[in-house]
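Notes to accompany the following structure.
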Amino acid sequence: MGFKTDAIHAGQEPDPSTGAVTTPIYQTSTYVQEGLGKHKGYEYARTKNPTRLALEQNMAVLERGVAGYAFASGMAAETAITQLLLKQGDHAICSDNVYGGTFRLFDKIVRHYGVEFSYVTTSDSETVRKALRPNTRMVFIEPPTNPVMAITDIRSIAEIAHANDTRVVVDNTFMSPYFQRPLELGADIVVHSTTKYLNGHSDSVGGIAVLKHKEDAEKLAFIQNAAGAILSPFDSWLVLRGIKTLPVRMEAHNANGMAVAKYLSGKKQVQKIYYPGLPDHPGHDLAKKQMSGFGAMIAFDLGTLDKAKAFLGTVKLCSLAESLGGVETLISHPATMTHASVPAEQRARLGITDGLVRISVGIEDVEDLIADLEEAFKKI
Ligand SMILES: Cc1ncc(COP(=O)(O)O)c(C=O)c1O
């Protein structure tokens, strides 16, 4: 089926007991068994829940994987992936420009279990090749990177990593499977913060991992049950509902993202702009090859912390908030918000300056968004 059809129907048969068109919220912790060892496939809701299963099956289809597993947050999904791929004595490579929380998980928690991490510029595939060691078991990338939107070549990283028997994990939160499908490009695991575009309405926190290999899927199912960081039935239902409109929302985000990026690139107060849809973005050509849209995440540098503060203090329609991917426009200051856990010197090297502002362009009328930004530019 086409993507839009799958977004609405995959994994969601009419409810077998009532015929309900929408998958119900199965708000139960356990299931009655007919006799010892005789049940309908459901024993206990940490292990399996029909609402969560519908979401997991839906996402497995959309990301072209063999199975998906939904977790209580994007970070919980990433944690489970580290439990799947890494053990004491292993080495992992991570893009030096990922979501701050991902770096924090790897550096402050997983590292203490005896796993060594190298943080490298993954937009240069040769750097990844050089960083590989015989014991490298994971390469973790986030194309486009957060927040400066650098693009990593998924296909080339997968080729290099697979020659070393290393799994490639792609955080696809910014693009969603509507614009980018990493498993088709050679990656082994896709992870999402469903909190963002998949749910799309800023009213749920969740995460999901989709796997390409059956053996990984079996192990992750075990980890999901054994470690237990599952997504609730209500949140699973919200994300399922959100995904039904993912294609139309992503088209609208993309159109508004491009319009706002063009507007920002014409402002003299903007010293630098990061949006892969602009032809002078260093990853533009690669982005055109591996993504079918550019999304709605833009970062721009106003030069100083004072200017960023004045700008962020003036906008009204754009809400000052962490997170992204909702229908409403959110604006943030990476250095003190999403990337505060990244050491200052690393932030400086990555271009996450004190003047950098990140905007997650929503699907409001774009004229209203631009009018709001225009007022803020008058203050700096
Ligand atoms: C790209 C990216 N990956 C992962 C996460 C973590 O997801 P969650 O906040 O749902 O735990 C975030 C959160 O902002 C993110 O932006």
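Note that the coordinates shown come from a computational prediction; the quantities given were computed from them, not determined experimentally. In each ligand, atom 1 is the first atom listed, and ligand 1 is the first ligand listed.
Using modelled atom types, one side-chain atom of Lys212 and one backbone atom of Leu183 make a donor-acceptor pair closer than 3.5 Å.
Between Tyr31 and Tyr42, the ring planes are tilted. Angles from 30° to 60° get that label. The aromatic rings of Phe117 and Phe106 lie parallel to each other, their planes meeting at an angle below 30°, with 60° marking the opposite boundary.
If you look at ligand 1, the protein residues with a non-hydrogen atom under 4.0 Å away are Ser73, Gly74, Met75, Glu78, Tyr99, Glu142, Asn146, Asp171, Thr173, Phe174, Ser193, Thr195, Lys196, Gly206, Leu324.
Within the structure, every pair that satisfies the side-chain hydrogen bond (donor to acceptor under 3.5 Å, both in side chains) test and touches residues 244-262, not counting sequence neighbours, is listed here: Gln12-Lys244, Tyr178-Glu251, Thr245-Arg249. Residue pairs meeting the salt bridge (Lys or Arg N to Asp or Glu O under 4.0 Å) criterion with at least one member in residues 89-108, sequence neighbours excluded, are Lys87-Asp90, Asp96-Arg349, Asp107-Arg111.
The hydrophobic cluster containing Trp237, built from Ile/Leu/Val/Met/Phe/Trp/Tyr side-chain heavy atoms closer than 4.5 Å, also comprises Ile25, Phe234, Leu238.
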